[in-house]
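As structure tokens, the structure follows; a few thoughts come after it.
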There are 4 protein chains.
Amino acid sequence: MSKSKAHRVGVIMNGVTGRMGTNQHLMRSVSAIIKQGGVKVSETERIMPDPVLVGRNELKLRKLSEISGVEKISTDLDSLLKDPAYTIYFDAQTTERRTEAVKKAIAAGKHIYCEKPTATNSREAMELFKLAKAAKLKNGVVQDKLWLPGFIKLKTLVETGFFGRILAIRGEFGYWVFDGKPVPAQRPSWNYRKQDGGSMILDMFPHWRYVLDNVFGKVKAVSCVATTHIPKRIDEEGKPYKCTADDAAFAMFELEGGVFASFNSSWSVRVRRDDLLNIQVDGTHGSAVAGLRQVYIQPLAATPKPIWNPDAEDLTDYYKDWTLMPDTIEYDNAFKVQWELFLKHVVCNTPFRWTLEEGAKGVQLAEKAMESWKKKAWVKV
Amino acid sequence: MSKSKAHRVGVIMNGVTGRMGTNQHLMRSVSAIIKQGGVKVSETERIMPDPVLVGRNELKLRKLSEISGVEKISTDLDSLLKDPAYTIYFDAQTTERRTEAVKKAIAAGKHIYCEKPTATNSREAMELFKLAKAAKLKNGVVQDKLWLPGFIKLKTLVETGFFGRILAIRGEFGYWVFDGKPVPAQRPSWNYRKQDGGSMILDMFPHWRYVLDNVFGKVKAVSCVATTHIPKRIDEEGKPYKCTADDAAFAMFELEGGVFASFNSSWSVRVRRDDLLNIQVDGTHGSAVAGLRQVYIQPLAATPKPIWNPDAEDLTDYYKDWTLMPDTIEYDNAFKVQWELFLKHVVCNTPFRWTLEEGAKGVQLAEKAMESWKKKAWVKV
Amino acid sequence: MSKSKAHRVGVIMNGVTGRMGTNQHLMRSVSAIIKQGGVKVSETERIMPDPVLVGRNELKLRKLSEISGVEKISTDLDSLLKDPAYTIYFDAQTTERRTEAVKKAIAAGKHIYCEKPTATNSREAMELFKLAKAAKLKNGVVQDKLWLPGFIKLKTLVETGFFGRILAIRGEFGYWVFDGKPVPAQRPSWNYRKQDGGSMILDMFPHWRYVLDNVFGKVKAVSCVATTHIPKRIDEEGKPYKCTADDAAFAMFELEGGVFASFNSSWSVRVRRDDLLNIQVDGTHGSAVAGLRQVYIQPLAATPKPIWNPDAEDLTDYYKDWTLMPDTIEYDNAFKVQWELFLKHVVCNTPFRWTLEEGAKGVQLAEKAMESWKKKAWVKV
Amino acid sequence: MSKSKAHRVGVIMNGVTGRMGTNQHLMRSVSAIIKQGGVKVSETERIMPDPVLVGRNELKLRKLSEISGVEKISTDLDSLLKDPAYTIYFDAQTTERRTEAVKKAIAAGKHIYCEKPTATNSREAMELFKLAKAAKLKNGVVQDKLWLPGFIKLKTLVETGFFGRILAIRGEFGYWVFDGKPVPAQRPSWNYRKQDGGSMILDMFPHWRYVLDNVFGKVKAVSCVATTHIPKRIDEEGKPYKCTADDAAFAMFELEGGVFASFNSSWSVRVRRDDLLNIQVDGTHGSAVAGLRQVYIQPLAATPKPIWNPDAEDLTDYYKDWTLMPDTIEYDNAFKVQWELFLKHVVCNTPFRWTLEEGAKGVQLAEKAMESWKKKAWVKV
């Protein structure tokens, strides 16, 4: 690509010192895009991101700069927001800090791209969208799961009519997160503290919203109960703490057309299934069980005819009639794919429908689920 | 057992010309008990059932008599009810006919044993119990799943403290029932007609009630939605008919102690799991996934530590860390086991807690689930 | 069925001393039907065939009577044809003898059921149909392959729309028939002598006709060449003989709608495929490869994306993306199924579309194929 | 080879910016030959190609130069043709452009080596040969498949008499080419447009010609029908286009000696066989099934004796009696092997029988096949 024209795009990357920010957004997305020579737009044009890493801890930033090859770092967000060399503001801070920072960036006329949830409540999340829209700024929210191979395959199945009429959807998410003693926990402790933004519902329901909305049909209503399975855990410093956030949620969603989706999400479940997230879709003409990357399918013609006979030993292997869906395209990193789409959206004005409004919808579903839990009733979305 | 004293017990078996009645209650239970020489009570005593087969079609009864070796048949229930030689009345008719027949049998002073559901509504079901109680008659309802190896093993796990504190329960029941064209359906057509007593909720929720109540804890509340996935099917004669009954139900139960159980039941689901009915139980100290006969377990010490990383291909085999629970006792036919317990209850007055009241509870849960579906809210039980 | 009314049907079975006649028509069809208590028509009615075995060799007939349990035998066909106790005439003689015998049976007013080919040329085959029709006699031709599990499954796939639009069909039939020295041949020597009715085209094309017509679409045109691969063989007595009949045929059929079917038939081919007869069907939405009993399917969603790169070693296993179609119904013997349908047709007047006319069509296709071979051009059917 | 004398041979490489030209002819053939130190002729002599890359897009040429290490590039073919430093003209342009360019090169006295098809019709293709011959120029056409391991092995089997008398040949070529939505097609869109030179017959029949002619015997006649299975596809830019070229062809060839070869070629077939191209050869003494690289063989002595019995379940594994033919020599890239032979032919006058005349024969077979399709009759070749 060395001979093509490069559109340079300055990107303020705020909050990339966290795990997701560093690994997914910096290393595997922006740095990877730079290394591959930018985003190809046509035979003669490409987009080259020019990032600056922003954070509060200069030491961490220096280390990041070293491993990523991104030279510019700063602890002074306000100055950067004034700098016209940067047209995009990206935010991967904790949810609590995000809203205010995004508002400032909008005020400074930057295009906005940020992690989800975009705010701790849907009112604020929606406000962010309205502000960006009023300022005619481009905006987007990370919805990475949509570009995971498993979901691309599911979408392909829907589009090619594999399922016939879709009947129902079953989601099982989660795995066993150790409580810290003696085995250290594999998730950060703030995940289990409401006061620090932790909550299964708040964390995962925004994902379920865009996955359901985009792949199967708009979410119309939710019924949810949640609980805190493990009331006490040991934190990163080896100290016990009280878990104040829900760590498991049992939900049903009603999609347009009356399709029900049953979704269990838990950090206290042991995994006897193909993947940490499994989504089964049943239709009149076929079914699929999708993991994050692999999808097993069973068309009507391969559907066995089980006989319900509890009396006899059933030696049937119910796994054998499923076929692994082959990879027919190459799958790039899901985060990087969305970054490339957003950069093209900003530079070439190509469509990008994963806006702050879509992000707000995710936050809204989490809120409605919590309302349903409180009311012990279905809530319309 | 040939030398021991036999207590002869006359049993009126009404409605055993149906599939379940013939196979489970007559052939595999009462006939099998006769063939094994009765129910052993002690070294010197045994109980020998002396059945008479009752029905409306004499031709069918004769055929039944031939294959079962039970010589007595009759189409005249009323005369039999007057005959003091028969002390037990068993009913496996369709639900619609059951209530009235059981009432007559109670009036005639017979001990009652019958199939579930005991009535089409819980008011009547409860009335049956009260009538039997007032008449000081012994009574019982078939709750066969409790004696399936899978549930016996689950109960063993609960009783030995394997789970630690139980956190949550997930049930998945169902399989693909063909709609009749071109592949014939493997269930009778009345199952899909409300007017003929069909309904997934009515059929299976009584089972979920006694399984949950007996193995895990009393059901306190239910949230349920249901649907009719397949609106038209082909019946036994090759004729299309309208499906008026629910064929899939998505439910959550709250048990005493605040444990949630999520239960999906469907006749339009393709099976990617170990068995047609799978119940996963997660506890602080271990988890189990039970089928009808086999149970896989994973104690805390065998629990792997998955890392959530959608970006990388996950080649983990999540099935490998589960251990098949070995058979440590011999499992007799579940129906037969309960028959033997009821016969002993009648003759020797041994305890038998699966009474008509318990049967009424099953019907009640189905009703409450339907109420919840209508109200779109949780309903207390 | 002992109490239901039995309709007795006298059947003259002529030529059942041959391999096919004995095994398929007598032992596995008519005898089996008698043993199962007849053909069930309704709860109260059934049809009971009452056969007489006819042939020229009394010794052979006696042996047959012994193994089959059919008591009546006769070497006098003419007398039987006059006997009103027999309403059906069945013929499994060699093709040369069949035409005349069938004509006599029609003249005697018997319903006709016979093996294929119904005559050595389509003119005569068609004449048989016209005679039977004019005499208002019921008539049928054996088309057993239609009731083989493989073809029932293919038909199910067609009917349920599995293939989408069908694009093309590929048939491969045949296997290695040893030439007799030193390994004895596994087929009779007359198969390889034109003068004795032998010929691959004459033997198999009637099958291809009804399979294609019934499962995929009417055959409209044929292009065929044939050859005699092995010019000399050793007969049953160990003597060499000249092979005068074609033993391999390479054909293309055009079906209505412009679908092409390529069919290779050979007794000098070694088998590297799933079954002795393999039929591959490709459609826009899926493909199937059917053997006589098993069918492998690959829906669009399971279709891999091979890259044509002769340069690199291709380690792809092209068999792994196919799923074995499960058995969803019970498959009875194909010959017996058609016998039962014909008996019902005669007694209850139920539809039966595999008439002598359909049999004539099979002979016609063989003729047209031979004409194409001679002309070296496509011939319309 | 560094000490041996190098014969420098100037090669004009025209049209190597396409996929085949770049990968096979430049990178894996000419560049690879240069990297290995040239073509060894004897202990003291070698041939060193000295290529210049010619095309219309300078940018693409520069990129090619970079990756291949070939320094000379040019967009001015006419000047190069005048340059005596270049003695060989190689052409891998699209077929439409090829004829004229080759003519000019012949006029300029260059030896000719080019891709197939050498022209869009056999008259022109033959003219090219006659012109080159008249000018006493060496000439050759790419017939790479002959040097694929699979075909070298087949030829070995023929030459060593493995087959005995060859009876028949069956070819199956093809795989599923996606139509572009949602899965992108894995072949260029021009393949499916007649007006752009697309056509299964035009693409593959030249291959079948030289494979059959060289390995089994001269093609004497052809019968062919073709079709366009998929009438609409999505092109590289995501736009739908009409498919005007045949994408599947069903052909029979008659070889000298009366051997028939049945060849199905399709881009809309799902692959249940060993390789994307499978050629089965049956002979009196043995059979072989060849893929591009691997060959399975079954000699008479290993031939099983199947019994045709559709009535019984056939559990025979017909794959197990075949033996994988071992690699006994090292197989170099097929394109490179032919390049080396041509370079030796030019420099050392060694024999080279894959001339422009042979190339013309390939084009002729495609034409005759199309004539046969139109006439619906066999056509002599």
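Order of the sequence lines sets the chain letters (A, B, ...), proteins ahead of strands, with each chain counted from 1.
In this structure, Ser29(B) and Gln24(B) approach most closely via the heavy-atom pair OG-O, 2.7 Å. For the residue pair Pro240(B) and Lys232(B), the shortest heavy atom distance occurs at CB-CE, 4.3 Å. Nearest heavy-atom pair, Asp246(A) versus Thr228(A), reported as atom, atom and distance to 0.1 Å: CA-OG1, 3.7 Å. Of all heavy-atom pairs spanning Gly150(B) and Val295(B), the tightest one is O-CG2, 3.6 Å. In plain terms, the two heavy atoms of Asp144(B) and Tyr210(B) that are nearest each other are N-OH, 3.5 Å. Between Arg165(A) and Pro231(B), the shortest heavy-atom distance links the atoms NH2-CD, 3.5 Å.
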Check step by step if side-chain contact (heavy atoms from CB on, under 4.5 Å) holds for Asp327(B) and Lys153(B). CA-CA 9 Å; Asp327(B) 289 350; Lys153(B) 288 172 186 170; 2.6 Å; yes

Start with the C-alpha gap between Arg233(B) and Asp247(B), add the side-chain angles, then the distance that decides, and say whether side-chain contact (heavy atoms from CB on, under 4.5 Å) holds. CA-CA 12 Å; Arg233(B) 293 176 172 269; Asp247(B) 61 5; 4.3 Å; yes

Evaluate side-chain contact (heavy atoms from CB on, under 4.5 Å) for Met252(A) paired with Ser262(B), printing each intermediate quantity in order. CA-CA 10 Å; Met252(A) 291 188 277; Ser262(B) 156; over 6 Å; no

Applying side-chain contact (heavy atoms from CB on, under 4.5 Å) to Met27(B) and Thr22(B), what does each step give before you reach the verdict? CA-CA 6 Å; Met27(B) 300 304 294; Thr22(B) 298; 4.2 Å; yes

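Contact tally against chain B (heavy-atom pairs below 4.5 Å) for Asn23(A), Ile307(A), Leu300(A): the top residue is Leu300(A). For the options Asp317(A), Asn333(A), Thr303(A), heavy-atom pairs under 4.5 Å to chain B are most numerous at Thr303(A). Here Tyr318(A) is the residue among Trp176(A), Phe250(A), Tyr318(A) with the most heavy-atom pairs under 4.5 Å with chain B. With chain A as partner, the option from Ile230(B), Val271(B), Leu292(B), Val183(B) having the largest number of non-hydrogen pairs under 4.5 angstrom is Val271(B). Note on Tyr175(A), Tyr331(A), Phe335(A): by heavy-atom pairs under 4.5 Å with chain B, the leading option is Tyr175(A). Heavy-atom pairs under 4.5 Å with chain A were tallied for Asp274(B), Thr316(B), Asn264(B), Asp314(B); the largest tally goes to Asp274(B). Per-residue counts of heavy-atom pairs under 4.5 Å with chain B were compared for Arg170(A), Gln294(A), Gln298(A); the largest is that of Arg170(A). Contact count against chain B (heavy-atom pairs under 4.5 Å) is highest for Val225(A) among Leu148(A), Val225(A), Val289(A).
Residues of residues 275-285 of chain A having a heavy atom under 4.5 Å from any heavy atom of chain B, listed by number: Asp275(A), Leu276(A), Leu277(A), Gln280(A), Asp282(A), Gly283(A), Thr284(A), His285(A). Heavy-atom proximity under 4.5 angstrom to chain A picks out Lys376(B), Ala377(B), Trp378(B) from residues 369-381 of chain B.
No part of Lys320(B) comes within reach of chain A, as not one of its non-hydrogen atoms sits under 4.5 angstrom from that chain. Contact of Arg272(B) with chain A is made through backbone and side chain together, with heavy-atom distances under 4.5 Å. For Ala226(B), the part lying near chain A is the backbone, with the side chain staying farther off; criterion is any non-hydrogen pair under 4.5 Å. Within the 4.5 angstrom heavy-atom criterion, only side-chain atoms of Phe178(A), from C-beta onward, approach chain B. In this structure, the portion of Pro304(B) lying under 4.5 Å from any heavy atom of chain A is its backbone and not its side chain. Ser268(A) touches chain B through backbone and side chain together, each having a heavy atom under 4.5 Å away. Using a 4.5 Å cut-off between heavy atoms, Pro184(B) touches chain A through backbone and side chain atoms alike. Using a 4.5 Å cut-off between heavy atoms, Asn309(A) touches chain B through its side chain atoms alone.
A ring pair (Phe, Tyr, Trp, His ring centres under 6.0 Å) with Trp208(A) is found for exactly one of Phe151(A), Phe173(A), Phe253(A), namely Phe173(A).
A donor-acceptor pair shorter than 3.5 Å can be found between the side chains of Glu115(A) and His25(A).
Aromatic pair Tyr296(B)/Tyr319(B): centroids not less than 6.0 angstrom apart.
Under the 3.5 Å distance criterion, the side-chain polar atoms of Asp203(A) are left unmatched by any main-chain donor or acceptor of Asn191(A). A donor-acceptor contact shorter than 3.5 Å links the side chain of Gln338(B) to the backbone of Gln143(B).
In this structure, the side chain to side chain contact (heavy atoms under 4.5 Å, CB included) partners of Ala32(A), at least two apart in sequence or on a different chain, are Lys336(A). With sequence neighbours left out, Trp322(A) forms a ring-ring contact (aromatic ring centres under 6.0 Å, His included) with no residue at all.
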